[in-house]
Amino acid sequence: MLEIKNLHVKLEDEDKQILKGLNLTVETGKVHAIMGPNGSGKSTLSYVLSGRDGYEVTEGSATMDGFDLLEAETEERAAEGLFLAFQYPVEIPGVSNMTFLRTALNAQRKARGEEEMSATDFLKMVREKAKTLKIDGDMLKRPVNMGFSGGEKKRNEILQMAVLEPKMCILDETDSGLDVDAMKLVSDGVNALRSEGRSFLVITHYQRLLDHIVPDVVHIMANGRIIKTGGPELALEVEKNGYADLLAENA
Ligand code: ADP
Ligand code: MG
Ligand code: MG
């Protein structure tokens with residue numbers, strides 16, 4: 001599914017190397033977690049994969065089922081099935097969440113050469129998904145993210161995922177200060193959307209999140225690279241001992 005090889009990334013406007021030969025493979029249907037100290041480049045990785053401006057890839061590759069992510073426009077990546085949570089955090093006055101989701105979905109379908117979904121079919125589909133995820137129908141009518149609480153934004157993120165049906169979901173929860181309720185929302189949502197054809201890359205500071213979203217694989221990232229890979233027990237080890245020993249082993 002996702003295959004990253006020897007990825008080197010620097011800031012576009014500065015002589016600062018952030019990713020320094022990162023290797024990562026996420027298999028189809030698996031949930032991988034990335035943990036690591038602040039500043040190790042976790043968010044940069046998610047930005048680069050989704051195509052945010054400001055970063056320059058100097059070496060290496062990133063493909064999704066063979067599709068070259070790094071050469072593609074952000075919209076093409078989305079159409080191929082890549083989803084970055086908080087890709088759409090903007091508040092849009094006057095545009096209902098429902099309209100926004102339908103526009104996003106149809107843009108992706110169009111890019112894939114598929115027919116647009118009718119308003120009626122969309123309404124039916126989105127209502128069903130909202131119901132399954134226990135998301136209040138009211139949220140569909142409200143303007144996108146306007147005045148949403150932290151928890152509502154999280155719910156919306158899960159709803160976006162459910163509607164767009166991506167095959168690769170990247171969630172960067174590092175700096176969002178998840179409280180216990182939000183953590184539960186995110187983990188329930190991810191668990192509900194886990195499926196054979198869908199992979200997740202969950203980036204987090206919080207071992208606790210991984211008690212709820214039990215990952216198949218845990219990676220520790222430091223200084224622009226994955227320095228250790230293991231099972232869920234690796235997250236517990238980090239929780240107990242911190243990163244110091246791991247960093248020393250890799251110094
Ligand atoms: P993490 O998510 O692991 O905390 P980041 O990817 O946010 O790490 O940041 C990695 C390093 O790159 C940090 O030193 C950060 O300050 C720097 N960095 C990332 N993006 C930028 C940017 N746009 N401008 C300046 N520094 C950046
Ligand atoms: Mg940070
Ligand atoms: Mg971060």
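Remember, it's 1-based here, ligands and their atoms both numbered in the order they're listed. Every value quoted in this text rests on a predicted model; they were computed, and no experiment measured them. Reckoned from all heavy atoms, side chains included, excluding hydrogens, waters and symmetry mates.
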* To do: Please report the C-alpha distance between Val217 and Lys30 in whole Å, then the side-chain angles of each, then the deciding distance to 0.1 Å, and finally whether the side chain to side chain contact (heavy atoms under 4.5 Å, CB included) criterion is met.
  => CA-CA 8 Å; Val217 181; Lys30 299 291 183 195; 5.8 Å; no
* Should Asn156 and Glu152 be marked as a side-chain hydrogen bond (donor to acceptor under 3.5 Å, both in side chains) after you check the CA-CA gap, both sets of side-chain angles, and the distance that decides it? -> CA-CA 6 Å; Asn156 210 27; Glu152 286 172 332; over 6 Å; no
* Counting each atom of ligand 1 from 1 as listed, which ones have a heavy atom of Ser43 under 4.0 Å away? -> 1 (P), 2 (O), 6 (O), 7 (O)
* Polar contact flag for Asn38 and ligand 1 (N/O pairs, less than 3.5 Å) -> yes
* Looking just at side-chain N and O atoms, do Lys141 and Asn97 make a donor-acceptor pair shorter than 3.5 Å? -> no
* Asked: Is the distance between the Mg ion (ligand 3) and the nearest N/O/S atom of Ser43 smaller than 2.8 Å?
  -> yes
* Asked: Between the candidates Gly39, Ser46, Gly54, which shows the shortest non-hydrogen contact distance to atom 13 (C) of ligand 1?
  -> Gly39
* Which of the numbered atoms in ligand 1 are below 4.0 angstrom from a heavy atom of Thr44? -> 5 (P), 6 (O), 9 (O), 19 (C)
* Structure fact -> ligand 1 atoms nearer than 4.0 angstrom to some heavy atom of Tyr55 are 20 (N), 23 (N)
* Asked: Out of curiosity, is Gly36 lining ligand 1, as in a heavy atom under 4.0 Å away?
  -> no
* **side-chain hydrogen bond (donor to acceptor under 3.5 Å, both in side chains) between Ser46 and Ser43, intermediate numbers included** => CA-CA 5 Å; Ser46 61; Ser43 295; 5.1 Å; no
* To do: List the steps, then state whether side chain to side chain contact (heavy atoms under 4.5 Å, CB included) holds for Thr63 with Leu69.
  => CA-CA 5 Å; Thr63 58; Leu69 287 170; 5.9 Å; no
* Mind checking whether Lys16 has a heavy atom under 4.0 Å from ligand 1? -> yes
* Run the contact test for Tyr47 against ligand 1 with a 4.0 Å cut-off on heavy atoms, strictly below, and give the result. => no
* Taking Asn23 for the side chain and Asn6 for the main chain, is one N or O donor matched with an acceptor at less than 3.5 Å? -> yes
* Asked: Any N or O of Ile18 that comes nearer than 3.5 Å to an N or O of ligand 1?
  -> no
* Working for side chain to side chain contact (heavy atoms under 4.5 Å, CB included), residues Tyr55 and Glu12 -> CA-CA 5 Å; Tyr55 301 96; Glu12 212 165 52; over 6 Å; no
* Distance-only, no hydrogens or angles: does the Arg198 side chain make a donor-acceptor pair with backbone N or O of Lys167 under 3.5 Å? -> no
* What atoms in ligand 1 come closer than 4.0 Å to a heavy atom of Leu11? -> 20 (N), 21 (C), 22 (C), 23 (N), 24 (N), 25 (C), 26 (N), 27 (C)
